Amino acid sequence: MEDLTDISSLLNAERARDKAKEEPLSLLQETDKMVEATELMTENIHSIKNKIRILASKVEEEKEKVKQMYQINSGVLHLAELSQKTLKAPTLQKEILALIPNQKVLLKDLDILHNSSQMKNMLTFIEEAYKKLSTS
């Protein structure tokens with residue numbers, strides 16, 4: 001009987017030791033989960049930083065392209081010179097109107113067409129189509 005009592009007390013002592021070991025083990029498991037989550041966040045941060053660096057370099061490249069395209073130096077936009085011949089040449093509209101005998105009637109008809117509801121609807125449709133194209 002005494003052996004059974006000793007075994008029972010040994011079993012209880014062993015259970016107490018197991019319980020005492022389980023608490024640090026669960027804390028260790030929680031710590032492992034936190035470390036894994038932190039490592040994942042760190043990897044995500046590095047990935048995002050790399051993407052930012054890549055995008056920043058692309059922005060700089062695009063800025064350089066724009067500078068070259070518009071020849072921007074020290075904040076001043078330099079455009080190609082127009083020849084004097086171009087500036088003195090009559091506009092195409094004037095040339096066409098010179099060929100038409102009844103200009104005022106034609107201009108009045110064009111004005112009526114331009115201000116018509118059908119023309120406004122068509123212009124609205126074209127604007128919406130361009131907006132949809134630019135967003136896609």
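In this chain, numbering begins with 1 at the start of the sequence shown. Worth saying up front: this structure is predicted, and the values here are computed from it rather than measured.
Screening I54, N50, I48, L55 for a side chain to side chain contact (heavy atoms under 4.5 Å, CB included) with I52, the sole residue that qualifies is I48.
Proximity of a side-chain donor or acceptor of S47 to a complementary backbone N or O of E43 within less than 3.5 Å is not detected. The main-chain N or O of D111 is found under 3.5 Å from a side-chain atom of N115 such that the two form a donor-acceptor pair.
Salt bridge absent: K33 and E30 never bring a charged side-chain N and a carboxylate O closer than 4.0 Å. Salt bridge status for K58 with E61: absent, with no side-chain N to carboxylate O gap under 4.0 Å.
Partners of D18 by side-chain hydrogen bond (donor to acceptor under 3.5 Å, both in side chains), not counting sequence neighbours: none found. For R15, there are no side-chain hydrogen bond (donor to acceptor under 3.5 Å, both in side chains) partners at least two apart in sequence or on another chain.
One distance of note links CE of M41 with CE of M34; it measures 10.5 Å at 0.5 Å rounding. Separating the NZ atom in K131 from the CG atom in L133 is a distance of 12.5 Å, to the nearest 0.5 Å. With rounding to the nearest 0.5 Å, the separation of CG in L27 from CG in D32 is 11.0 Å. Here the CD atom belonging to Q103 is positioned 7.0 Å from the CG atom belonging to L107, to the nearest 0.5 angstrom. The OG atom of S116 sits 8.0 Å away from the CE atom of M122 when rounded to the nearest 0.5 Å.
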Practice task
Walk me through it: do E14 and L10 pass the test side-chain contact (heavy atoms from CB on, under 4.5 Å)?
Solution key: CA-CA 6 Å; E14 192 64 35; L10 284 173; over 6 Å; no
Exercise for the section: Please lay out, stage by stage, how L106 and N102 fare under the test side-chain contact (heavy atoms from CB on, under 4.5 Å). Expected result: CA-CA 7 Å; L106 175 66; N102 208 352; over 6 Å; no
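Summarising the geometry of M119 relative to H114, their closest heavy-atom pair is CG-O, 3.7 Å, with the distance given to 0.1 Å.
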